[in-house]
Number of protein chains: 2
Amino acid sequence: MQKHPNLRMTRQRQVILEELRKVNTHPSADEVYEMVRKRLPRISLGTVYRNLEILSESGDIKKLEPGCSLKRFDGNPSEHCHIRCVRCDRIADAPLAPDIEIDVAGLMPADYKIIGHRLEFFGVCPNCSDKTNRDANRR
Amino acid sequence: MQKHPNLRMTRQRQVILEELRKVNTHPSADEVYEMVRKRLPRISLGTVYRNLEILSESGDIKKLEPGCSLKRFDGNPSEHCHIRCVRCDRIADAPLAPDIEIDVAGLMPADYKIIGHRLEFFGVCPNCSDKTNRDANRR
DNA sequence: CGAAGGTTGGGATGCTTTTGCAAACTGTTT
DNA sequence: AAACAGTTTGCAAAAGCATCCCAACCTTCG
């Protein structure tokens with residue numbers, strides 16, 4: 001069931017993980033590359049990408065903005081939430097969740113100017129869960 | 001203060017807006033392009049991108065996943081929220097907002113299998129608001 | 001109508017991410 | 001320690017999404 005059954009801990013993978021754990025800046029892949037390059041000058045960017053992917057699948061790190069492969073547009077400009085299918089990446093409207101009045105003022109990093117927040121749901125759309133069921137029955 | 005002071009309503013812009021309002025599928029730019037092309041076969045993809053941008057700035061439509069230019073990674077895989085700076089796009093940890101227990105079951109589209117939700121904050125980071133202040137003083 | 005200037009099409013460009021492949025390496029078994 | 005099988009790497013090429021450039025064109029408004 002695991003995506004990568006026989007993982008190895010290579011020096012590259014190790015260093016990427018270590019460097020990423022050192023900081024709390026949520027670097028991009030390219031920034032990770034620069035960090036790691038100081039210790040492994042010959043590492044390639046492709047390796048960094050591959051390992052970030054693998055490490056996030058194994059749960060050692062987290063990839064932010066999952067399923068945000070491309071921008072999407074909504075003809076309805078009024079305020080409402082969305083639900084994203086984690087399988088097909090499509091987005092549907094969520095009948096506006098109660099406008100959650102979150103008391104954030106005190107909780108946020110003091111020096112940040114808070115503008116707003118966004119609440120997004122994710123799940124599996126009818127289409128994709130049908131597909132799963134069909135596949136399961138086939139076996 | 002407006003970004004586009006003298007907007008014109010061209011046929012292309014009109015059709016893009018109409019098509020986008022017809023659906024609730026939250027299409028990507030490329031999907032919009034395909035939809036619009038049925039009515040305006042000679043429209044270019046660049047025009048679609050330009051107009052989606054303009055229309056979302058004028059508030060006629062909404063761009064989802066704003067400021068999600070590239071993926072970022074977090075060495076801390078535990079559950080916590082983030083705050084994104086809308087200026088520089090950098091991400092910081094938000095001291096975990098109270099795990100909002102949202103009663104969603106009844107609210108979501110009935111046929112969706114809900115897996116979870118994500119709460120994200122956005123604002124201006126200290127760095128960027130400093131910059132704004134300095135710029136303002138300079139005038 | 002005619003001038004002013006926003007907008008278009010089409011291609012070029014940029015940047016992020018993915019992929020293919022031979023060589024190198026890891027972990028395990030002899 | 002040597003050999004083996006299967007992963008992983010570096011490099012380079014390619015793919016994919018988004019933006020930019022520019023001459024020609026169109027919309028708006030007096």
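Residue numbers start from 1 in every chain, and the chains themselves are labelled A, B, ... in the order their sequence lines are given, proteins ahead of strands.
At whole-Å resolution of the value, CG in B/Leu52 and P in C/dT8 are 11 Å apart. Separating the CZ atom of A/Arg72 from the C1' atom of D/dC17 is a distance of 13 Å, rounded to the nearest angstrom. One interatomic measurement links the two molecules: CD of B/Glu53 to P of C/dG6, which rounds to 18 Å at whole-angstrom precision. Taking atom CD1 of residue B/Ile54 and atom P of nucleotide D/dA18, one finds them 16 Å apart after rounding to whole Å. In this structure, CG of B/Leu7 is placed 12 Å from P of D/dC29, rounded to the nearest angstrom. As a whole-Å value, the separation of B/Asn6 CG from D/dC26 C1' is 15 Å.
For B/His82, the ring-ring contact (aromatic ring centres under 6.0 Å, His included) partners at least two apart in sequence or on another chain are A/His26, B/His80. Contacts of A/Thr47 classified as side-chain contact (heavy atoms from CB on, under 4.5 Å), with partners at least two apart in sequence or in another chain: A/Gln12, A/Ile43, A/Ser44, A/Arg50, A/Asn51. Scanning for side chain to side chain donor-acceptor pair (under 3.5 Å) contacts around B/Asp30 gives an empty result, with sequence neighbours left out. With sequence neighbours excluded, the residues that form a side-chain contact (heavy atoms from CB on, under 4.5 Å) with A/Asn24 are B/Asp93. Scanning for side chain to side chain donor-acceptor pair (under 3.5 Å) contacts around A/Asp60 gives A/Ser58, with sequence neighbours left out. Residues that satisfy the salt bridge (charged side-chain N to carboxylate O under 4.0 Å, His left out) test with A/Arg39, not counting sequence neighbours, are A/Glu18, A/Glu19. With sequence neighbours excluded, no residue forms a side chain to side chain donor-acceptor pair (under 3.5 Å) with B/Thr10.
Contacts with DNA chain D (heavy atom under 4.0 Å) in residues 9-28 of chain A: A/Thr10, A/Gln12, A/Arg13, listed by number. DNA chain C lies under 4.0 Å from at least one heavy atom of each of the following residues of residues 30-51 of chain B: B/Arg42, B/Ile43, B/Ser44, B/Thr47, B/Arg50, B/Asn51.
Other residues sharing a hydrophobic cluster with B/Met35 under the 4.5 Å side-chain heavy-atom criterion for ILVMFWY residues are B/Val23.
Screening residues 32-61 of chain B for ring-ring contact (aromatic ring centres under 6.0 Å, His included), with sequence neighbours left out, gives no hits.
By the 4.5 Å heavy-atom criterion applied to side chains, A/Tyr112 and B/Pro126 are counted as neighbours.
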Go through the steps to decide whether A/Glu53 and A/Lys63 satisfy the test salt bridge (Lys or Arg N to Asp or Glu O under 4.0 Å), and finish with yes or no. CA-CA 8 Å; A/Glu53 192 59 34; A/Lys63 176 159 59 168; 2.9 Å; yes

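In DNA chain C, consecutive stretches of 3 or more Watson-Crick or G-U wobble pairs with both distances under 3.5 Å are given as paired ranges: C:1-30 with D:1-30.
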